[in-house]
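Quick notes on the structure that follows.
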Amino acid sequence: MDMGVYQGRRAKLAAAMRGGVAVVPTAPERTRTRDSHYPYRFDSYFYYLTGFREPDAVLVILAGENARSILFCRDRDPEREIWDGFRYGPERARAAFGVDEAHPIGDLDKLAPDFLADRGAVHTPLGADPAWDVRITGWINQVRARARTGVAAPSELKDVCATLDEMRLIKDPEEIALMRRAAKITAGAHRRAMRAARPGRVEHEIEAELLHEFRLHGAQGPAYPPIVAGGERACVLHYVENDGALKDGELLLIDAGCELHGYAADLTRTFPVNGKFSAEQREIYQLVLAAQAAAIAAVKPGNLWEAPHRAAVKVLTQGLIDLKLIKEGLEQAIETETYRKFYMHRTGHWLGLDVHDVGDYKRGGEWRALVPGMVLTVEPGCYIRGGEDVPARFRGIGVRIEDDVLVTEGGAEILTEGAPKSIPDIEALVGGAGA
Ligand code: GLY
Ligand code: MN
Ligand code: MN
């Protein structure tokens, strides 16, 4: 992304802060085993403001007069670079990321109190990392200790995330372009998985197809642990073992999306392992598909966040009544939430740098209205676990259909439309050579 995009975001944050100082750290590296780390993932807020991907970095933004942004990052280290590879170092980082100043991260504790002096309010992520809260408080106390030199310590500590969440909720054109690409790669991965599926294969083999496609097209990896769930395992909402055998006559639910330069796709498809829906599978699948269509139709500017969920619940509940899985009238079943036995999650969430992205769903106690630039998932499902009170023919069927949807001026754009979801399109592709 062009450095001007990040400069623009920093300027917008500074304007919203109306004075004060923001201090935003990136995520720490995490040990996995002894001296081996989890793959590094930067902090989403820090990255949103900088585009900088190295660990051990902190951004400081001074707002108001003498506004400027300062990056603290790892120093160059020829010895470490032999082992771990390139690092920017402050000098190159300043030029490459368009900040006004850059310093070695080792100087942060020494310089931070100077940046906090006479600043009124400190805007920082609060409560996410207790050690960070203590560090910030320590710097404030150091400024207090200098009171007799005439400097004032910040008197307010504010959660910078509240402002950044609102900014991140409305995607800018650069983010939308990346999310389109992430969605396209992900849709291709689901097509590949459909082609590869057949009875006798194992879930992890299909997971491998997805991961192959993600990396092949330059995505950094999955945005969240993929769910590849055959048969009744589809009814376990967070199933991630992915080690079960795929059986003839069963459905396969795949919930997997890639992360591309920090941005997530989140896509679910459900299809028959043998390429042909049974009568019961077809009934449930059509119902979820109709619920999803109703929900997507409700995604448009001005509609409330809750509108897609309400639309999906209405269609699903009526369908469950028609199938005699619910034995109440529509209004009562919705009122008493009887449908939750079969549909226990909500219809979507914001999507962006985080798969469950930031942004309030309510404002002032009311569901917020959709506006262009928001990206959300639309993901109704129906999960019929075994049980005496459920007709045997439906038991063990779990279906979810999930797409990523951008709110546009005219309504909605389905970013993940490259993944087939109509019954004929799915049946033409599964286990075969179709595109
Ligand atoms: N894959 C996570 C979700 O659908 O919310
Ligand atoms: Mn989702
Ligand atoms: Mn998902």
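Residue numbers count from 1 along this sequence. Just follow the structure's listing: the first ligand is 1, and inside any ligand the first atom is 1.
Note on D266: counted as a metal contact of the Mn ion (ligand 3), an N/O/S atom lying under 2.8 Å. Residue contacts to the Mn ion (ligand 2): E402 brings an N, O or S atom closer than 2.8 Å. Within the 2.8 Å limit, H356 places no N, O or S atom next to the Mn ion (ligand 2).
Among L351, T268, D266, the residue whose heavy atom sits closest to atom 3 (C) of ligand 1 is D266.
Ligand 1 lies nowhere less than 4.0 angstrom from a heavy atom belonging to V355. Within the structure, the closest approach of H345 to ligand 1 does not fall below 4.0 Å when heavy atoms are considered.
The minimum distance between the Mn ion (ligand 2) and any N, O or S atom of E379 involves atom OE2.
Of all atoms in ligand 1, numbered sequentially from 1 with element shown, those under 4.0 Å from a heavy atom of H349 are 3 (C), 4 (O), 5 (O). Each of the atoms 4 (O) of ligand 1 lies under 4.0 Å from some heavy atom of E402. Each of the following atoms of ligand 1 lies closer than 4.0 Å to a heavy atom of Y224: 1 (N).
Ligand 1 has no nitrogen or oxygen under 3.5 angstrom from a nitrogen or oxygen of R400.
Here E306 does not pair with R368 in a salt bridge; the nearest charged N to carboxylate O distance is not below 4.0 Å. Under 4.0 Å is where a charged nitrogen must lie from a carboxylate oxygen, and between D403 and R269 at least one such pair does. Salt bridge E54/R87: absent, no basic N to carboxylate O contact under 4.0 Å.
Using a 30° and 60° split on the angle between ring planes, H349 and H356 fall in the perpendicular class, above 60°.
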Test side-chain contact (heavy atoms from CB on, under 4.5 Å) on R180 and L406; report intermediate values, then the result.
CA-CA 9 Å; R180 279 199 187 104; L406 166 70; 4.1 Å; yes
For side-chain contact (heavy atoms from CB on, under 4.5 Å), just list the numbers for R168 and Y45, CA-CA rounded to whole Å, side-chain angles, deciding distance to a tenth of an Å, and then say yes or no.
CA-CA 9 Å; R168 283 175 54 185; Y45 292 108; 3.3 Å; yes
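When only non-hydrogen protein atoms are considered, atom 5 (O) of ligand 1 lies nearest to H356 NE2, 2.7 Å.
A cation-pi contact, defined as under 6.0 Å to the ring centre and within 45° of the axis, links R9 to Y48.
At a threshold of 4.5 Å between non-hydrogen side-chain atoms, the residues V288 and R400 do not count as touching.
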